[in-house]
Amino acid sequence: MSPHNHEVNAIRPNTETPRAEAGRLPPGLAASLARPLLETALTSLDDDKAEDLVVIDLTGRSSIADSLIIATGRSSRQVAAMADHLLEKLKPLAPGPVQVEGQARGDWVLIDAGDVVVHLFRPEVRDFYALEKMWDDDAERVTRIAGMA
């Protein structure tokens, strides 16, 4: 399933954007999806049944990446498998080497593909670190992809 077919909601409660239709996403996310790394990552996570997927547009806010993806797997095994599949798909597209941390343990895996940084968590670990809360003051940059897994 393509990320273009998901319902997209801002992370703040009661703030909704219309259902995504053939490229009609919020402006920040639509611009970012033009980049193959981000689209490939979202498709891979969708294929692997990632849950609670969040995309944060970092364009102009950070030099570390243009997009940050946060997703949850139900178990360490699923998180490690999602990371393995992402690495396989992102390496040919990344501008340089793709770095990965934490894959062996599978609690929190960080994948740095240059323009896109992906954090994969088990649910308890994601709740503990709550990375999305760092962006609460800038909710227009935070997009939750609903309808996954």
Side-chain angles (χ1 to χ4, degrees), residues 1-11 17 19-135 138 140-149:
M1 182 183 295
S2 167
H4 301 288
N5 295 329
H6 297 295
E7 185 174 319
V8 179
N9 295 314
I11 196 166
T17 49
R19 181 166 178 78
E21 300 170 11
R24 297 186 53 88
L25 297 171
L29 183 57
S32 296
L33 279 174
R35 293 184 220 118
L37 276 173
L38 182 58
E39 187 170 4
T40 299
L42 293 174
T43 300
S44 180
L45 291 169
D46 185 30
D47 291 348
D48 286 341
K49 308 294 187 231
E51 297 176 352
D52 199 15
L53 184 71
V54 172
V55 179
I56 302 171
D57 178 16
L58 299 177
T59 307
R61 287 285 306 261
S62 174
S63 60
I64 63 165
D66 290 335
S67 299
L68 178 68
I69 299 172
I70 303 171
T72 302
R74 290 179 299 280
S75 66
S76 296
R77 175 181 258 173
Q78 183 187 14
V79 169
M82 288 189 306
D84 188 47
H85 298 151
L86 269 173
L87 287 168
E88 191 177 295
K89 293 171 184 170
L90 294 179
K91 281 182 180 180
L93 301 174
V98 176
Q99 304 295 321
V100 63
E101 296 290 333
Q103 186 174 10
R105 191 145 183 224
D107 289 331
W108 177 1
V109 180
L110 169 71
I111 299 172
D112 183 348
D115 292 338
V116 175
V117 173
V118 181
H119 292 272
L120 304 173
F121 291 98
R122 280 189 313 102
E124 305 81 26
V125 178
R126 183 173 180 171
D127 289 344
F128 180 79
Y129 288 102
L131 292 183
E132 297 98 316
K133 290 190 183 203
M134 292 179 8
W135 301 96
D138 202 356
E140 63 199 38
R141 290 184 176 269
V142 179
T143 304
R144 182 175 303 278
I145 308 292
M148 296 191 104

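When a residue number appears, it is its place in the shown sequence, counting from 1.
The shortest side-chain heavy-atom distance between Val142 and Val54 falls under the 4.5 Å cut-off. Side-chain contact between Asp115 and Leu38: absent, with no pair of heavy atoms (C-beta onward) separated by less than 4.5 Å. For the pair Ile111 and Val117, the minimum side-chain heavy-atom distance is 4.5 Å or more. No side-chain heavy atom of Arg74 sits under 4.5 Å from any side-chain heavy atom of Pro123. A 4.5 Å side-chain heavy-atom check between Leu86 and Leu120 finds at least one atom pair inside the cut-off. For the pair Leu58/Ile56, a side-chain contact is recorded, criterion being any heavy-atom separation below 4.5 Å from C-beta on. In this structure, the side chains of Ser44 and Leu90 stay at 4.5 Å or more apart for every pair of heavy atoms. Considering only heavy atoms from C-beta on, Val79 stays 4.5 Å or farther from Asp107 through its side chain.
Gln99 contributes no side-chain N or O that, together with a main-chain N or O of Leu110, makes up a donor-acceptor pair within less than 3.5 Å.
Listed by chain and number, the residues in a salt bridge (charged side-chain N to carboxylate O under 4.0 Å, His left out) with Asp84 amount to none (sequence neighbours excluded). Residues that satisfy the salt bridge (charged side-chain N to carboxylate O under 4.0 Å, His left out) test with Arg77, not counting sequence neighbours, are absent from this structure.
Ser75 approaches Arg122 most closely through the heavy-atom pair C-CG, 3.8 Å. Closest of all the heavy-atom pairs between Arg126 and Thr72 is NH1-OG1, 2.7 Å. For the pair Ala94 and Ala113, the tightest heavy-atom approach, listed with the atom from each and the gap, is CB-O, 3.9 Å. In terms of heavy atoms, Ala41 sits closest to Ile69 at CB-CD1, 3.7 Å. For the pair Val109 and Gln103, the tightest heavy-atom approach, listed with the atom from each and the gap, is CG2-CA, 3.7 Å. Closest approach of Ala50 to Ala71, counting heavy atoms only: CB-CB, 4.0 Å.
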Practice task
Would you check, one step at a time, whether the test side-chain contact (heavy atoms from CB on, under 4.5 Å) holds for Asp57 with Asp66?
Solution key: CA-CA 6 Å; Asp57 178 16; Asp66 290 335; 5.5 Å; no

Practice task
Give the C-alpha distance, both sets of side-chain angles, the deciding distance and a yes or no for side-chain contact (heavy atoms from CB on, under 4.5 Å) between His119 and Leu131.
Solution key: CA-CA 9 Å; His119 292 272; Leu131 292 183; 3.7 Å; yes

